[in-house]
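What follows is a set of notes on a single structure, which appears directly below.
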Amino acid sequence: MAATGFTLLAGSHIATLATAAALGATPEVQRPLFVPVIGPFVAIGYVRAPVHEDPNLVEALTNGVAEVGASAQRVGLAAAGTMQLGFLVLGVLGSVTLGKSSKGPRLSSGAGGLRLDF
C-alpha cells in the first residue's frame with residue numbers, strides 16, 4: 001500500500017507538470033506545480049483568463065468564452081491537488097501499517113545504548 005501510494009503520487013505529480021506544460025500554462029502557474037500536493041492549490045491563484053490582442057475580445061469576455069478556459073484550469077488543478085493529497089495519505093497510511101506489522105528484529109537506541117530486539 002505504501003509503494004502504491006507513493007508511486008501514484010509521483011506519477012500524478014509528473015502528469016500534472018506535463019499537462020500544464022503541454023497546454024501552455026504560464027510560468028506563474030507552472031512554477032508552484034513543482035511542489036507536490038500543495039502546488040496545484042497555490043497555482044489556482046495564478047490562473048487568469050487569457051487576454052489576446054483580438055478585436056473580438058470584448059465579445060468573447062461578454063459571452064464568457066475567456067472565463068471558461070480559466071475555470072477549466074482551476075477545476076483541473078483542484079482535481080490534481082486532491083488526487084495528489086489522496087495518494088500521499090495512501091502512502092503514509094501504508095507506511096504506518098507496514099511499520100506496525102513487521103515482526104523482524106528491531107534496532108533501537110535509548111539511554112542504555114543500542115538495543116536489538118527479536
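Values below: every heavy atom of this structure, side chains too, minus hydrogens, waters and symmetry copies. Bear in mind the structure is a predicted one, so any value in this text is a computation, not a measurement.
Among pairs with a residue in residues 4-15, none fulfils side-chain hydrogen bond (donor to acceptor under 3.5 Å, both in side chains), at least two apart in sequence or across chains. Note on residues 76-94: pairs passing side-chain hydrogen bond (donor to acceptor under 3.5 Å, both in side chains), not counting sequence neighbours, are T16-Q84.
Residues meeting the side chain to side chain contact (heavy atoms under 4.5 Å, CB included) test with V75, sequence neighbours left out: none. Evaluation of the side chain to side chain contact (heavy atoms under 4.5 Å, CB included) rule for L93 yields M1, V89 as partners, not counting sequence neighbours. With sequence neighbours excluded, the residues forming a side chain to side chain contact (heavy atoms under 4.5 Å, CB included) with S109 are L114, listed by chain and number.
Here the shortest heavy-atom pairing between V47 and A70 reads CG1-O, 3.7 Å. In this structure, L33 and P40 approach most closely via the heavy-atom pair CD2-CA, 3.6 Å. Heavy-atom minimum distance, P32 versus E28: CD-O, 3.1 Å.
Under the 4.5 Å side-chain heavy-atom criterion for ILVMFWY residues, no single connected hydrophobic cluster contains both L85 and V42. F34 is connected to I44 through a chain of hydrophobic side-chain contacts under 4.5 Å among Ile, Leu, Val, Met, Phe, Trp and Tyr, so both are in one cluster. A continuous path of Ile, Leu, Val, Met, Phe, Trp and Tyr side chains, each step under 4.5 Å between heavy atoms, connects M83 with V37, placing both in one hydrophobic cluster. Hydrophobic clustering (side-chain heavy atoms under 4.5 Å, transitive across Ile, Leu, Val, Met, Phe, Trp, Tyr) keeps F41 apart from F87.
Within the hydrophobic cluster formed by Ile, Leu, Val, Met, Phe, Trp and Tyr side chains joined at under 4.5 Å, directly or through other members, L23 stands alone, with no partner residue.
Atom CZ of F6 has more than 12 neighbouring heavy atoms from other residues, nucleotides or ligands inside a 6.0 Å radius.
Expressed to the nearest 0.5 Å, how far CG of L9 lies from CD1 of I14 amounts to 9.5 Å.
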